[in-house]
Amino acid sequence: MKSSVIVFPGSNCDRDVAIALEKLQFKNSMIWHKETELPKSDLIVVPGGFSYGDYLRSGAIAAKSNILSEVINAGKKGALILGICNGFQILIECGLLKGALLRNSGLKFISKNILVKVQSNNNKFFNKYKTNEILKLNIAHNEGNYFTDKKHLEELENNELIPLKYCDEKGNINLKTNPNGSINNIAAIFNNNKNILGMMPHPERMVDKILSEEDGLGLFLSLMN
Amino acid sequence: MKFSVTVTLKKDVLDPQGKIVGQTLKNMGIKNLNQIRQGKFFEIDMDEKDSIKAEKQVKEMCEKLLANQIIEDFKINKAE
């Protein structure tokens, strides 16, 4: 499996993702945002961080960079694209995913471990997990409050396009278990073809017992399947 | 040719920053304040004499970058 990780000025989770991918024997390349060509990749990762210092809106400037037009083309042709945190914001700003990520409802930057419940494993990214499995992942963001219009929300709910929702240890999904105000406790969404995933939690931070825990590993294993 | 653009959150989008600013002003004693919505303001200077063309370009800037039309509205004003 070949992967590419896109790097912007201000990306800071790019190397963590690369380490996770290389651990699983992906042949990974780091691609600087000024590049105009993307190497042939089975997986493209848009990593977390603060691209361009979050100027204007998180992800707005990165969405207009050279390499993003290549990423958009690849995504439209069916390549697997994973946007994590700021990467999710970039995928939304460039139009590959619908909706918007607003400021957290509590107005605070949240950096902590949270729980999410797998809503659907019928896709390329979560097939190594069980449906309703509860995962411990880490979030670190200021704009993770997902918002979309009613029609799109219904589309997401009815077509298994919401793979992860914030929950508690019993799997309850409600306002109390919602860290950032995200509509319907959404932590991740797919595009209609399920080849493009945007998620606020960081799976790459949970791939090694020495560092933390391993609940994020299944996502990278799923991608190899 | 100069323009100003204001970008504001759409009516049904929650504006937690505006809400806190409003709350603070109320706490400071401004009791008759209804609500505050926070937005962004851009000053744009174009090297262009044709006002119709310039305005069209500013509109394009708003649609393509300055505003995220899913959550924001924009208003263009010609200065002077």
Side-chain angles (χ1 to χ4, degrees), chain A residues 51-52 54-66 68-69 72 86 88-110 141-153 155-156 175 178-186 189 191 198, chain B residues 2-28 30 33-48 53-77 79:
Chain A
S51 59
Y52 297 92
D54 278 350
Y55 288 2
L56 192 62
R57 294 178 305 275
S58 313
I61 309 289
K64 307 292 176 195
S65 61
N66 283 345
L68 247 284
S69 37
I72 293 168
N86 188 224
F88 185 7
Q89 294 162 340
I90 294 167
L91 293 184
I92 280 193
E93 281 287 345
C94 76
L96 283 176
L97 293 172
K98 284 196 255 178
L101 286 157
L102 305 175
R103 188 105 192 252
N104 295 339
S105 56
L107 291 178
K108 287 203 173 93
F109 186 98
I110 308 169
H141 60 246
N142 202 34
E143 285 90 10
N145 178 355
Y146 183 75
F147 177 85
T148 193
D149 60 57
K150 219 178 142 193
K151 192 172 159 260
H152 180 229
L153 185 63
E155 219 175 281
L156 291 173
L175 279 179
N178 185 335
N180 55 19
S182 189
I183 198 162
N184 287 18
N185 282 39
I186 288 174
I189 62 159
N191 66 334
Chain B
K2 290 180 179 169
F3 295 88
S4 69
V5 167
T6 50
V7 175
T8 47
L9 284 172
K10 283 184 196 286
K11 255 194 199 140
D12 49 351
V13 176
L14 193 73
D15 174 19
Q17 292 184 86
K19 217 170 151 184
I20 293 294
V21 172
Q23 195 52 54
T24 307
L25 287 168
K26 276 186 191 170
N27 295 345
M28 288 162 70
I30 300 160
L33 177 75
N34 278 332
Q35 75 159 340
I36 284 211
R37 303 278 289 170
Q38 187 173 319
K40 289 177 189 140
F41 180 78
F42 300 88
E43 288 173 337
I44 300 171
D45 191 355
M46 300 274 293
D47 187 11
E48 176 60 62
K53 191 179 166 196
E55 194 162 340
K56 206 179 143 203
Q57 283 180 298
V58 172
K59 187 166 175 261
E60 215 176 295
M61 290 179 203
C62 293
E63 289 166 351
K64 290 193 173 159
L65 184 66
L66 301 184
N68 176 350
Q69 290 186 90
I70 297 160
I71 48 167
E72 292 169 326
D73 292 321
F74 61 86
K75 206 154 66 191
I76 300 169
N77 288 303

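So you know, we letter chains A, B, ... as the sequences are listed, proteins then strands, and number each from 1. Worth knowing before you read on, the calculation uses all heavy atoms, side chains too, and leaves out hydrogens, waters and symmetry mates.
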Greatest number of non-hydrogen atom pairs under 4.5 angstrom with chain B, of Glu93(A), Lys98(A), Arg57(A), falls to Arg57(A)
Cut-off 4.5 Å, heavy atoms of chain A, and the answer for Ile71(B) is side chain
_With a sphere of 6.0 Å drawn around CZ of Phe109(A), does it hold more than 12 non-hydrogen atoms of other residues, nucleotides or ligands?_
yes
Note: vs chain A, highest number of non-hydrogen pairs under 4.5 angstrom among Asn68(B), Asp12(B), Leu14(B), Leu9(B) is Asn68(B)
Counting heavy-atom pairs under 4.5 Å with chain A, the top scorer among Lys64(B), Gln17(B), Lys40(B) is Gln17(B)
Indicate whether any N or O donor in one side chain lies under 3.5 Å from an N or O acceptor in the other, for Asn178(A) and Asn185(A). yes
Would you say the side chains of Ser58(A) and Glu143(A) form a donor-acceptor pair under 3.5 Å?
yes
If one checks every heavy atom of Leu56(A) against chain B at 4.5 Å, the contacting part turns out to be both
Okay, Glu72(B) and chain A: the region with an atom under 4.5 Å from a heavy atom over there is side chain
Practice item. Answer yes or no: are there more than 12 heavy-atom neighbours, outside Lys26(B) itself, under 6.0 Å from its atom NZ? Key: yes
Practice item. Report, as yes or no, whether the 6.0 Å neighbourhood of atom NZ on Lys19(B) holds more than 12 heavy atoms from other residues, nucleotides or ligands. Key: no
Okay, Asp149(A) and chain B: the region with an atom under 4.5 Å from a heavy atom over there is neither
Self-check item: Leu175(A) atom CG: more than 12 heavy-atom contacts under 6.0 Å
Solution: no
